Amino acid sequence: MTLPTTTAPTAKRGRPGPVTLQAVAYVRDHPGRAKYEVAHHVGPHHSNNFGDRTVWRAITRGLIENRSTDPTRYALYVTDAGRAALADA
């Protein structure tokens, strides 16, 4: 038995949670920010570890995207799916 290697589209995984939406809203209000800045903002007590997982979850769900041309840096922006998720919240 093999497990699927791709992730399901956002619509099939349910609504994003409140912390994920908080990350999307922060990126909407502060476009082009680095991943660690968003992680620091959304993590409880500014926990970068928890915040980093939240930001990564939003990226993999297609709610925010990295538009940096440098592979070692992030420049995060909200996608159309992210705007729609915020409008539905």
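The figures that follow rest on heavy atoms only: side chains count, while hydrogens, waters and symmetry mates do not. Note that the coordinates shown come from a computational prediction; the quantities given were computed from them, not determined experimentally.
- We find the OG1-CZ distance between Thr79 and Arg61 to be 11.5 Å, quoted to the nearest 0.5 Å.
- With sequence neighbours left out, the side chain to side chain contact (heavy atoms under 4.5 Å, CB included) criterion links Asp29 to no other residue.
- Expressed to the nearest 0.5 Å, how far CZ of Arg15 lies from OG1 of Thr20 amounts to 12.0 Å.
- Atom-to-atom distance recorded for His41:NE2 and His30:NE2 is 7.5 Å, nearest 0.5 angstrom.
- Taking every heavy atom of both residues into account, Val55 and Ala39 meet most closely at CG2-N, 3.8 Å.
- Under a cut-off of 6.0 angstrom, the local environment of CG in Asp88 is crowded, with over 12 non-hydrogen atoms contributed by other residues, nucleotides or ligands.
- Taking each heavy atom of Pro16 and Ala85 in turn, the nearest pair found is CG-CB, 4.1 Å.
- Taking 4.5 Å as the limit, every side-chain heavy atom of Val78 sits out of range of all side-chain heavy atoms of Leu63.
- Atoms CZ and CD1, from Arg83 and Ile64 in turn, are 12.0 Å apart once rounded to the nearest 0.5 Å.
- Note that the OH atom of Tyr26 and the CG atom of Leu76 stand 10.5 Å from one another [nearest 0.5 Å].
- Residues Arg33 and Val27 form no side-chain contact, since every pair of their non-hydrogen atoms from C-beta on lies 4.5 Å or further apart.
- A pairwise comparison of heavy atoms in Gly82 and Val24 identifies O-CG1, 3.8 Å as the closest pair.
- Under the 4.5 Å side-chain criterion, counting only non-hydrogen atoms from C-beta, Ile59 is not in contact with Asn66.
- Leu86 and Arg28 make their closest contact through CD1-NH1, 3.5 Å (heavy atoms, listed as atom of the first residue, atom of the second, distance).
- Residue pairs satisfying the ring-ring contact (aromatic ring centres under 6.0 Å, His included) criterion with at least one member in residues 49-80, sequence neighbours excluded, are absent.
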